[in-house]
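Here's the structure we're looking at; comments come further down.
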Amino acid sequence: MFKIATWNVNSLKVRLPQVLEWLAAFQPDVLAMQETKIPNELFPAMDFEAIGYHVAYSGQKTFNGVAIASKQTIKEVETDLPGIEDPQRRVLAVTLGDVRVIDLYVPNGQSVGSEKYDYKLHWFSKLNHYVKVQLKKYEKLIVLGDFNIAPADLDVYDPKTWEGHVLVSDKERQALKELLQLGLTDAYRQLDTESPGYSWWDYRMGGFRRNLGMRLDLILVSSFFSKKLMRCQVDKATREAERPSDHAPVIAVIE
DNA sequence: ATGGTGGCGCGGCCA
């Protein structure tokens, strides 16, 4: 059995106690984190090692940042997409045994038509090329993280209001669709075709209390794993914690 | 109500 999780922690400095407590409770084999907002020299590696996790990380001050905690030793670390010069730390690919794991913090995009939106689409096209190559090399591939794209209207609390906006726009969804068509399956949606499965709720306007959420945090698996998927769920209880991240962890169980 | 909350870090950006 292989338990894998993704969680946008929105500052590892603030969330470290919650993350360590969560790891101890859920005992995933792998946790992919996003928005660590911490430079590598300040990454709290020893805190993870003390509870039995190896870590890899690619961070920067203030913004972005990705990290992986794994019970297995971490090999073949890559932190950049080929074909794009990008100081923003959003990618962390590692090999655990014979499993390739790619942790992503996809650009938010700000608003449709903005410079950041164009960057998001450009970044995603480079991602798709990278994953295509990775799939040829690794049969056992998992791509997970904060995609900042709600795949379909079912994944959005009020699709009418959001129509055409960033996070749900056609071009973003098309880019995600092209990623899936390379040979990946959206784990949550494969197992549950009806429940929204929100993983993010805006801090503002009582978003969580009113369940105004979106499913932005995805676990995509190659066909080798899709046949062995047992469970995929959102740990909504963690979003209810004192001083929570605006994202809840998503957990998949394989085999 | 063109807002709101939270993180970073101390003014204003980013989500």
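So you know, we letter chains A, B, ... as the sequences are listed, proteins then strands, and number each from 1. Only this structure's heavy atoms are used, side chains among them; waters, hydrogens and symmetry mates stay out.
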Q: Can you check each nucleotide of nucleotides 7-15 of chain B against protein heavy atoms at under 4.0 Å and return B for base, S for sugar-phosphate only, - for none, in 5' to 3' order?
A: SSS----SB
Q | Span that lies between the C1' atom of B:dG11 and that of B:dA1, in whole angstrom | A | 25 Å
Q) Between A:Tyr198 and A:Arg239, is any pair of side-chain heavy atoms under 4.5 Å apart? A) no
Q: Please work out which of the three classes, parallel, tilted or perpendicular, describes the rings of A:Phe48 and A:Phe43, given edges at 30° and 60°.
A: parallel
Q: Quote, to the nearest angstrom, the C1' distance that separates B:dG9 from B:dC14.
A: 13 Å
Q) In terms of side-chain geometry, is the basic nitrogen of A:Asp186 or A:Arg215 positioned less than 4.0 Å from the acidic oxygen of its partner? A) yes
Q | Stacked cation flag A:Lys120 on A:Phe124, 6.0 angstrom / 45 deg | A | no
Q: Considering only NZ, NE, NH1 and NH2 on the basic side and carboxylate oxygens on the acidic side, decide whether A:Glu78 and A:Arg100 come within less than 4.0 Å.
A: yes
